[in-house]
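Below: the structure, in structure tokens.
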Amino acid sequence: MMGGRAARLKQAILGGHEALPWPPPAHSVASEGDRGLTTDSRAIGRNFDSADDVFNWLNNAIFGTAAINLANRAGITARLLEGPATLAELAKAGALPAPQLGRILDFLLAHELIERDAGGAYVATKRTALMAEAAGYFANTEVSTAAATKLLPGLRQGVTPFELQFGAPVFAHFHAHPDMAEAFGNFMSFMTRRIERFIFAEHRFQPFETVADIGGSMGALLLGILREYPGTRGVLFDLPEVVALARPQVEASGLGERVEIVGGSFFESVPSADLYTLKQILHDWHDDECRQILGNIRSVMNPGARLAVIDHVLSDEPRPDESISTDVAMMVWDTGRERKLADFEALFAATGFAIDRFTPNPAGHSVIEVVKA
Ligand SMILES: C[S@@+](CC[C@H](N)C(=O)[O-])C[C@H]1O[C@@H](n2cnc3c(N)ncnc32)[C@H](O)[C@@H]1O
């Protein structure tokens, strides 16, 4: 049974547009509130009031992403973050032709992503730093864009668009392409950093000795939890090829001594722990697959252990928020979906779990903590 606070919050999120408690953001990006935006003002339809708006919205999304990806990949962003640079210096650093790079820099200037100083040198701003922080996300959009071209034939043929485009389901494809797997892992770390502060400020975990992050990718969430909860230990569990990529990042964190790295499949078995975290895992899989994952966790949970599912929760009425665009993304990438709270409740009920605490996040991933029913 959910307590009174959880029930009120559930009502609030299901009710749609009410403001919910939300801490200030941890990083340099202005929050919705800071910019005076509401989620509704992000509706794509608001760009469809004129042909000019449609053209600009599409053109900027496609070519802005390309320009930012180029700046990140060629090391232009990193060079600017070291200090002001001339066009010739940047062209040399990026091994790029100066005339074309100058046009890309003009685009970034026009869109207020970089600046020029009085002497004409290009300089980084906090938005340039954000371009670098989000580099994994920008790189990942190239994969999303390619897979999304197969949405229509994929739905008609009953094959995931990703598989139609790349010839294998996403994680099998990553297995054969470690560079893509690493870029994806860095994208996931970016996603975790975005919501870390929300999780830690709004949802304190009850005392635990060992936390296992199942499908923990590069370890961003696990390392964050270990920093936040001194004296605890962690298990990073993911596919063997993924934990191999994560190991250097874990070792570089200075927390390696508190982390056990375990490679395996959550469709087979998972390690024992007092607290499990499953962030953006269930949304990758359809209900049957989720039941398998949840069943495998339940069968090895220590007595009194808890499971925190960290995922988007769709509102009952469609809203132009992050959850609903990620729901389409899941249709493109794999067999999963974003879920409403009632969908989660049904999944948990079918696998012997009950919701104990629910911390909704109207701007991103919510935390649903469950215990054995
Ligand atoms: C969407 S990512 C989420 C990563 C991480 N939890 C986060 O939120 O940043 C899904 C993760 O599940 C992992 N994964 C996929 N299939 C798996 C399996 N069968 N067993 C264990 N992990 C798996 C992937 O390698 C990937 O790291």
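We use all heavy atoms of the structure for the numbers below, so side chains are in, but hydrogens, waters and symmetry mates are not.
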Original post:
If you draw a 6.0 Å radius around CZ in Arg127, do more than 12 non-hydrogen atoms from other residues or ligands fall strictly inside?
Top reply: no
Original post:
So, Arg258 and Thr232: side-chain donor and acceptor under 3.5 Å apart, yes or no?
Top reply: yes
Original post:
Does atom OH of Tyr137 have more than 12 heavy-atom neighbours from other groups under 6.0 Å away?
Top reply: no
Original post:
Is the shortest heavy-atom distance from the side chain of Asp356 to the side chain of Val370 under 4.5 Å?
Top reply: no
**OP:** Please assess Phe237 against Tyr276 for the test side-chain contact (heavy atoms from CB on, under 4.5 Å), listing each intermediate value before the final yes or no.
**Re:** CA-CA 10 Å; Phe237 181 84; Tyr276 288 87; over 6 Å; no
**OP:** Answer yes if Phe162 and Leu155 sit in the same cluster of Ile, Leu, Val, Met, Phe, Trp and Tyr residues linked by side chain heavy atoms under 4.5 Å apart, and no otherwise.
**Re:** yes
**OP:** For the residue pair Phe200 and Tyr229, categorise the inter-ring angle as parallel (less than 30°), tilted (30 to 60°) or perpendicular (more than 60°).
**Re:** perpendicular
Subject >> Common cluster, Phe171/Leu164, ILVMFWY with side-chain heavy-atom separation under 4.5 Å >> reply: no
Original post:
Do the side chains of Arg357 and Gln206 get nearer than 4.5 Å, heavy atoms only?
Top reply: yes
Original post:
Is there side-chain contact between Ser253 and Arg227, with heavy atoms separated by less than 4.5 Å?
Top reply: yes
Original post:
So, Ser366 versus Asn361: side-chain donor-acceptor pair below 3.5 Å or not?
Top reply: no
Subject >> Any donor-acceptor N or O pair under 3.5 Å, side chains His203, Thr359 >> reply: yes
Subject >> Trace of the side-chain contact (heavy atoms from CB on, under 4.5 Å) decision for Trp285 with Ile293 >> reply: CA-CA 9 Å; Trp285 306 99; Ile293 299 168; 3.6 Å; yes
Subject >> Under-4.0 Å salt bridge between Arg103 and Asp106 >> reply: no
Original post:
Got a salt bridge between Glu209 and Arg233, using NZ or NE/NH1/NH2 to carboxylate O under 4.0 Å?
Top reply: no
Original post:
Is the closest side-chain heavy-atom distance between Leu105 and Leu87 below 4.5 Å?
Top reply: yes
Original post:
Is there a donor-acceptor contact under 3.5 Å linking the side chains of Ser144 and Trp333?
Top reply: yes
**OP:** Answer yes or no: is there a side-chain heavy-atom contact under 4.5 Å between Arg79 and Glu89?
**Re:** yes
Original post:
Thinking salt bridges, do Glu369 and Arg204 make one under a 4.0 Å N-O criterion?
Top reply: no
Original post:
Just wondering, do Asp284 and Met330 contact through their side chains at under 4.5 Å, heavy atoms?
Top reply: yes
Original post:
Any side-chain heavy-atom pair from Asp327 and His283 closer than 4.5 angstrom?
Top reply: no
Subject >> Distance-only donor-acceptor check, side chains Asn302 and Asp274, under 3.5 Å >> reply: yes
**OP:** Determine, using the 4.5 Å side-chain heavy-atom cutoff (strictly less than), whether Val235 and Phe267 are members of one ILVMFWY cluster.
**Re:** yes
Subject >> Lys/Arg-Asp/Glu bridge criterion (N-O < 4.0 Å) met for Arg194, Glu133 >> reply: no
**OP:** Compute the centroid of each ring, for His111 and then for Phe107, and state whether the two points are separated by less than 6.0 Å.
**Re:** yes
Subject >> Reported CD-to-SG distance for the pair Gln292 and Cys290, which is rounded to 0.5 angstrom >> reply: 10.0 Å
Subject >> Positive for side-chain hydrogen bond (donor to acceptor under 3.5 Å, both in side chains) with Lys279, one of Asp311, Thr192, Asp213 >> reply: Thr192
Original post:
Using 30° and 60° as the class limits, which term best fits the ring planes of Phe174 and Phe184: parallel, tilted or perpendicular?
Top reply: tilted
**OP:** Decide whether Thr77 and Asn72 meet the rule of one side-chain donor and one side-chain acceptor closer than 3.5 Å.
**Re:** yes
Original post:
Does atom NE2 of His175 have more than 12 heavy-atom neighbours from other groups under 6.0 Å away?
Top reply: no
Original post:
Has Phe48 got more than 12 heavy atoms of other residues, nucleotides or ligands less than 6.0 Å from its CZ?
Top reply: yes
Original post:
Would a 4.5 Å heavy-atom cut-off, applied to side chains only, mark Leu294 and Leu307 as touching?
Top reply: yes
